[in-house]
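Reckoned from all heavy atoms, side chains included, excluding hydrogens, waters and symmetry mates. When a ligand or atom number is given, it counts from 1 through the structure's own listing order.
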Amino acid sequence: MAGLDPFTEDHQAFRRIVRDFCEKELAPHARAWDAAAEFPRALFRTFGEMGFFGIRHPPEWGGSGLGWWYVVAYAEELVRCRNAGLAMAMLVHGEIAIPVIAELGTDEQKREFLAPAIRGERIAALAISEPDAGSDVAAIRTTARRDGDDVVVNGAKTWITNGARADFLTLAVRTGGEGHEGLSLLLFPTDTPGFHVSRTLEKVGNPSSDTVLLFFEDCRVPARWLLGEENQGFYHLMANFQGERLVAAVQAVAGMQLMVEDAMRYAQERTAFGRPLARMQVWRHRLAEHLTAIEAARWLTYRACDLLERGEPAVKEISMAKLFACDLAQEVAYDCMQLHGGMGYVFETDIARAWRDVRVMTIAGGTSEIMKEIISRAAGL
Ligand SMILES: Cc1cc2nc3c(=O)[nH]c(=O)nc-3n(C[C@H](O)[C@H](O)[C@H](O)COP(=O)(O)OP(=O)(O)OC[C@H]3O[C@@H](n4cnc5c(N)ncnc54)[C@H](O)[C@@H]3O)c2cc1C
């Protein structure tokens, strides 16, 4: 980190491109896409063309070969699209499902899956969770059994973001015995016979992202699509979770910042009892408390990013950042909505949708309770 500000002029120029795009091209459609419970598939191509899916990936595969701070700038600005489902779908594709291919893939796997995903031509999902295994990743039961040069997949996955649209899955499968040691990752094309997408789950929030239940019935996939070391999938997944959780923390902080900015603007405009809400000390102090806590969350997140960028151990700090920022976002959303009064309860107001959508942040990508488990273990408890 250069001084205390991690962002150079180049980062800020990139940030402005993302912000401009989100505010001008995406935000005007945010409500319509929520109402339709989907956004245009073509946006994956647009994001690909803008280079948003290849920020850290090698230029050889179409990426920009940049560092984590560009990802932070991207994720921070993405909240300004005002559609959390869209932001989630894009981050799942670019920052959650494909980095592990860049990390561990063979050249053939990178050519087949990574490069077209970076271009936004093939949509990716990460499929780990199952009806009977969410937090307990080591308990997953979907199997991939060797048969000649293929593996044959059987089982089910649930809550899979982008699952209905995905062209391929980065799929967690059991290739060995029970527990941590028996898991592997498999790149799974979704046009494989025997693969079924079940109903799209009707969620509390993020309505524009598709979240589905998937079934695998004797799906035959070339064994060369196994990703990374066989039976080491659990460890590959745990490493991959670090980027996912950092990005979740970044999104939570940026989302809170936006909610408070909106609340401050509303508090200047709205009057009650002959004066703006902003002149009421109770609201000034509440917002001051939140601004302070958000700043603390931001720097905890930046500290975690700094460690990750320098290749230092960062599991504890990333878990702390996700826990703190995602829990705090619930309180900030509640208060910012309350400040808007009745306007906060109608979806035409951004805070109403943000309050609804922020709820998932303490659940997806590892719950707050699991973050506490990781932190307490790291602290020697
Ligand atoms: C909108 C959405 C999108 C998602 N997208 C994806 C995706 O793209 N890919 C994917 O694979 N998964 C996805 N998930 C799944 C998500 O990762 C899981 O929901 C999450 O990991 C929690 O698992 P679970 O729902 O099975 O809860 P459970 O593991 O059943 O936990 C239930 C409750 O018990 C608590 N708990 C569990 N274990 C402990 C413990 N040891 N100590 C204390 N408390 C504990 C949990 O914190 C939670 O409060 C998504 C989920 C949602 C809601």
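In this structure, the protein non-hydrogen atom closest to atom 43 (C) of ligand 1 is E369 CB, 3.8 Å. Annotation: atom 15 (C) of ligand 1 to nearest protein heavy atom, S129 OG, 3.2 Å. At the top of the distance list for atom 50 (C) of ligand 1, counting protein heavy atoms only, stands W159 O, 3.4 Å.
Contact annotation for N162 and ligand 1: no heavy atom of the residue comes within less than 4.0 Å of the ligand. When non-hydrogen atoms are compared, ligand 1 lies under 4.0 Å from neither the backbone nor the side chain of K157. At a 4.0 Å heavy-atom cut-off, ligand 1 touches I128 through backbone and side chain alike. At a 4.0 Å heavy-atom cut-off, ligand 1 touches T161 through backbone and side chain alike.
Between E373 and ligand 1, no N or O atom pair is found at a separation short of 3.5 Å. For L126, a nitrogen or oxygen atom sits less than 3.5 Å from a nitrogen or oxygen atom of ligand 1, counting backbone and side chain alike.
Counting only residues at least two apart or in different chains, side-chain hydrogen bond (donor to acceptor under 3.5 Å, both in side chains) contacts with residues 177-192 comprise T175-S184, E181-Y235. The stretch residues 43-68 participates, sequence neighbours left out, in no side-chain hydrogen bond (donor to acceptor under 3.5 Å, both in side chains) pair at all.
Taking the six-membered ring where tryptophan is involved, the planes of Y74 and F52 are tilted, since the angle between them lies from 30° to 60°. Between F188 and F195, the ring planes are tilted. Angles from 30° to 60° get that label.
If you number the atoms of ligand 1 from 1 as listed, the ones under 4.0 Å from a heavy atom of T367 come out as 22 (C), 46 (C), 47 (O). Under a 4.0 Å criterion applied to the non-hydrogen atoms of I370, ligand 1 contributes the atoms 38 (N), 39 (C). For ligand 1 and G365, the ligand atoms under 4.0 Å from any heavy atom of the residue are 17 (O).
Looking only at atom types and distance, the side chain of D34 has a donor-acceptor partner in the side chain of N83 under 3.5 Å away. For H290 and D335, the side-chain atoms include at least one donor-acceptor pair closer than 3.5 Å. Residues R298 and Q257 have side chains that bring a donor and an acceptor to within less than 3.5 angstrom of each other. Remark: the Q12 side chain and the R15 side chain contain an N/O donor-acceptor pair separated by less than 3.5 Å. For the residue pair S368 and D327, a side-chain donor N or O sits within less than 3.5 Å of a side-chain acceptor on the partner.
Using a non-hydrogen distance threshold of 4.0 Å, I160 registers as a contact of ligand 1.
The protein does not reach atom 30 (O) of ligand 1 closely, with no heavy atom under 4.0 angstrom from it. Within a 4.0 Å radius of atom 10 (C) of ligand 1, the protein contributes one or more non-hydrogen atoms. Proximity of atom 36 (N) of ligand 1 to the protein is not indicated, since no non-hydrogen protein atom lies closer than 4.0 angstrom. Atom 33 (C) of ligand 1 lies below 4.0 Å from none of the non-hydrogen atoms of the protein.
Between V260 and I294 there is a side-chain heavy-atom pair separated by less than 4.5 Å.
The residue among G134, A139, S135 with a heavy atom at the shortest distance from atom 28 (P) of ligand 1 is S135. Comparing heavy-atom distances from atom 2 (C) of ligand 1 across V92, V360, I363 singles out V360 as nearest.
The shortest heavy-atom contact between I55 and G67 is CG2-O, 4.2 Å.
Separation of the Y302 and F7 ring centroids falls under the 6.0 Å cut-off.
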